[in-house]
2 protein chains.
Amino acid sequence: MPKKGSLLTFRPDIKVVDATIRDGGLVNDFRFSDEFVKALYCANVEAGVDYMELGYKASKDIFDETKFGPWKFCDEDAIRRIVGDNDTNMKLCVMADVGRCNFKRDIISRENSAIDLIRIATYIHSIPAALEMVEYCHDLGYETTVNIMAISNAKESEIEEALQLIGKSSADGIYIVDSYGALYMEQIEDLTAKYLAMAEKYKKFVGMHAHNNQQLAFANTIAALTNGASYLDATVCGMGRGAGNCSSEQLLGFLKNPKYDIIPILKFIEKYMEPLKKSGVVWGYNIPYLLTGQTNRHPRSAIAATKEKRKDYLQFLLELDDKE
Amino acid sequence: MPKKGSLLTFRPDIKVVDATIRDGGLVNDFRFSDEFVKALYCANVEAGVDYMELGYKASKDIFDETKFGPWKFCDEDAIRRIVGDNDTNMKLCVMADVGRCNFKRDIISRENSAIDLIRIATYIHSIPAALEMVEYCHDLGYETTVNIMAISNAKESEIEEALQLIGKSSADGIYIVDSYGALYMEQIEDLTAKYLAMAEKYKKFVGMHAHNNQQLAFANTIAALTNGASYLDATVCGMGRGAGNCSSEQLLGFLKNPKYDIIPILKFIEKYMEPLKKSGVVWGYNIPYLLTGQTNRHPRSAIAATKEKRKDYLQFLLELDDKE
């Protein structure tokens with residue numbers, strides 16, 4: 001695969017997707033104040049971010065509304081409180097999990113919504129259900145992506161089949177999602193090549209969503225973009241489940257398109273992220289996350305170990321092995 | 001360049017060099033207790049680490065002995081207190097900075113020393129002085145490497161010339177040193193190719209020493225090794241100046257040679273590194289380090305900002321620009 005672009009040029013197809021509220025919401029049960037979300041929205045607009053993800057479209061039949069902040073559900077009213085008619089160059093997106101979203105009830109037609117893009121998160125075995133959602137949302141007028149999670153646990157043959165199915169769908173894009181933070185750059189390059197071959201055939205784009213278990217989120221995002229991925233997820237200070245994500249300040253400082261500006265993000269960090277961290281909200285690289293990443297496991301054990309402030313790393317590793 | 005090796009095989013030419021005491025010593029003025037150094041030595045031996053760097057050979061004419069722990073100077077007596085005759089499979093090394101080491105006085109013949117390898121750290125403009133040290137140490141019986149620091153600030157033509165000079169010297173190896181944590185994987189791949197072309201011609205090896213300003217230390221180490229570098233520096237918990245280094249636990253967990261074992265390092269972290277961190281010794285990624293890395297600057301401003309616990313990141317960035 002020839003590399004796309006160089007370190008001193010920029011590709012206009014690159015889009016930065018801020019996922020702070022959505023992936024970061026997994027850390028604080030989506031309890032962000034309106035002031036916080038509004039300030040992030042303004043910072044993202046100023047920073048040249050292309051899309052901002054406001055949260056999940058989760059079903060209130062499945063999740064107790066009193067146990068989460070509003071961004072778990074992303075009611076149109078809540079979004080409008082922040083963005084009004086979103087009279088900016090930045091588009092808005094939400095994530096909908098297969099099996100966790102009553103999409104036929106909760107997703108309204110695009111002309112009545114501030115949302116532009118619906119990202120359908122799926123495991124590889126539920127691709128048909130994801131594609132039902134894609135077609136539904138597409139018919140309502142939305143842009144859509146299919147985000148295949150936990151890809152480090154999928155077989156090559158499954159990935160090939162999934163790509164064929166998605167290729168023939170109305171999805172605008174397909175995402176590489178390294179949910180476990182287990183993948184190395186070489187693997188991301190191979191996946192990008194595979195995804196891109198399908199995407200180019202069917203005029204779709206490829207996106208990258210990385211996790212930082214092995215401190216490779218930024219590196220893997222660069223690896224994906226260098227090989228042709230164009231939608232790049234980032235979160236401010238890497239806020240996200242477990243070890244978190246590629247950070248906006250890393251990515252915006254790296255990209256060469258002059259539309260991107262790190263300064264509004266630095267200001268936002270000073271005013272909003274530092275107090276959030278001080279308040280006790282915890283995410284980011286540590287040794288338990290490294291160990292689940294290295295061994296290609298779901299981060300849940302490491303999330304528990306982090307909550308308990310465990311420092312008995314060897315015992316933690318032994319327990320990981322025992323659980324299989 | 002074809003890649004060397006795959007993710008499931010291992011290359012016997014790979015050597016892991018633990019630089020915890022040397023690069024970590026820059027954080028605590030080399031004030032490690034003998035117990036700490038001895039425990040690390042034992043952990044490294046058990047973990048299959050190939051070389052352990054014990055510190056600097058700094059001149060006591062230049063540095064006040066009372067202001068540093070013993071590993072700034074690495075007197076033979078101090079080393080012997082830890083390693084005796086080093087009757088293990090692990091080799092020992094020290095670093096000697098050009099212009100900061102009275103090598104003709106302080107480096108004794110190898111047969112009387114526990115040290116195996118002397119790593120000569122130099123800026124690109126002082127290569128001739130570095131090579132004088134190389135020849136001196138080589139004649140005393142030591143293995144030697146030339147570690148060209150701050151390479152992100154050197155011109156390609158300077159690097160070419162330096163490589164030609166080093167090629168003809170007695171140095172056993174040459175190191176890529178990303179002192180500022182400014183380089184991306186693509187640049188590391190290019191540098192590795194250049195260094196390796198010289199190294200293969202003159203039967204030398206290439207090493208990699210990364211810094212974590214942009215959370216790319218591990219990624220860049222992988223990039224170098226994938227493209228043919230074989231001596232890989234790591235430190236426990238990434239302990240090292242500023243944003244620190246590629247961590248031993250990342251690297252040992254990644255390498256596939258069954259001689260490497262992460263478990264003794266995890267034990268060491270529990271027993272020694274966690275208390276060290278608790279005692280207030282600070283290193284590792286933060287936003288000021290990211291900003292000096294992104295802008296290819298010496299980390300000194302970020303070290304000062306970290307000491308002062310500055311959170312005014314925008315002002316910090318503006319000051320960085322003002323200093324040029």
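Residue numbering restarts at 1 for every chain, and letters A, B, ... go by the order of the sequence lines.
- With rounding to the nearest 0.5 Å, the separation of CE in M185(B) from CG in N220(A) is 7.5 Å.
- Heavy-atom pairs under 4.5 Å with chain A peak, among I269(B), N212(B), D312(B), at D312(B).
- Within 6.0 Å of atom NZ in K277(B), more than 12 heavy atoms from other residues, nucleotides or ligands are found, so the atom counts as buried in its surroundings.
- Counting heavy-atom neighbours within 6.0 Å of K271(B) NZ, excluding the residue itself, gives a total of 12 or less.
- Put simply, CG on L290(B) and CD on E249(A) are 6.5 Å apart, with the number rounded to the nearest 0.5 Å.
- Ranked by heavy-atom pairs shorter than 4.5 Å toward chain B, the options S247(A), G284(A), A219(A) are led by A219(A).
- Contact annotation for Q294(B): only side-chain heavy atoms (C-beta onward) come within less than 4.5 Å of a heavy atom of chain A.
- How far CD of E189(B) is from NZ of K3(A): 4.0 Å, rounded to the nearest 0.5 Å.
- Heavy-atom distances place the side chain of L291(B), and not its backbone, under 4.5 Å from chain A.
- Only the side chain of K267(A) comes within less than 4.5 Å of a heavy atom in chain B; its backbone stays farther off.
- The line from CG of L317(A) to CG of L266(B) is 6.0 Å long, rounded to the nearest 0.5 Å.
- Interface remark: T295(A) contributes no atoms to any contact with chain B (heavy atom separation under 4.5 Å).
- Within the 4.5 Å cutoff, the side chain of Y184(A) has heavy atoms near those of the F254(B) side chain.
- The CD atom of E186(B) sits 5.5 Å away from the OG1 atom of T226(A) when rounded to the nearest 0.5 Å.
- E274(B) touches chain A through its side chain: at least one heavy atom from C-beta onward sits under 4.5 Å away, while N, CA, C and O do not.
- Checking side-chain atoms of Q214(A) against main-chain N and O of Q250(B) turns up no donor-acceptor pair under 3.5 Å.
- Here the side chain of E270(A) pairs a donor or acceptor atom with the backbone of L314(B) at under 3.5 angstrom.
- With values rounded to the nearest 0.5 angstrom, I265(B) atom CD1 is found 10.5 Å from I287(A) atom CD1.
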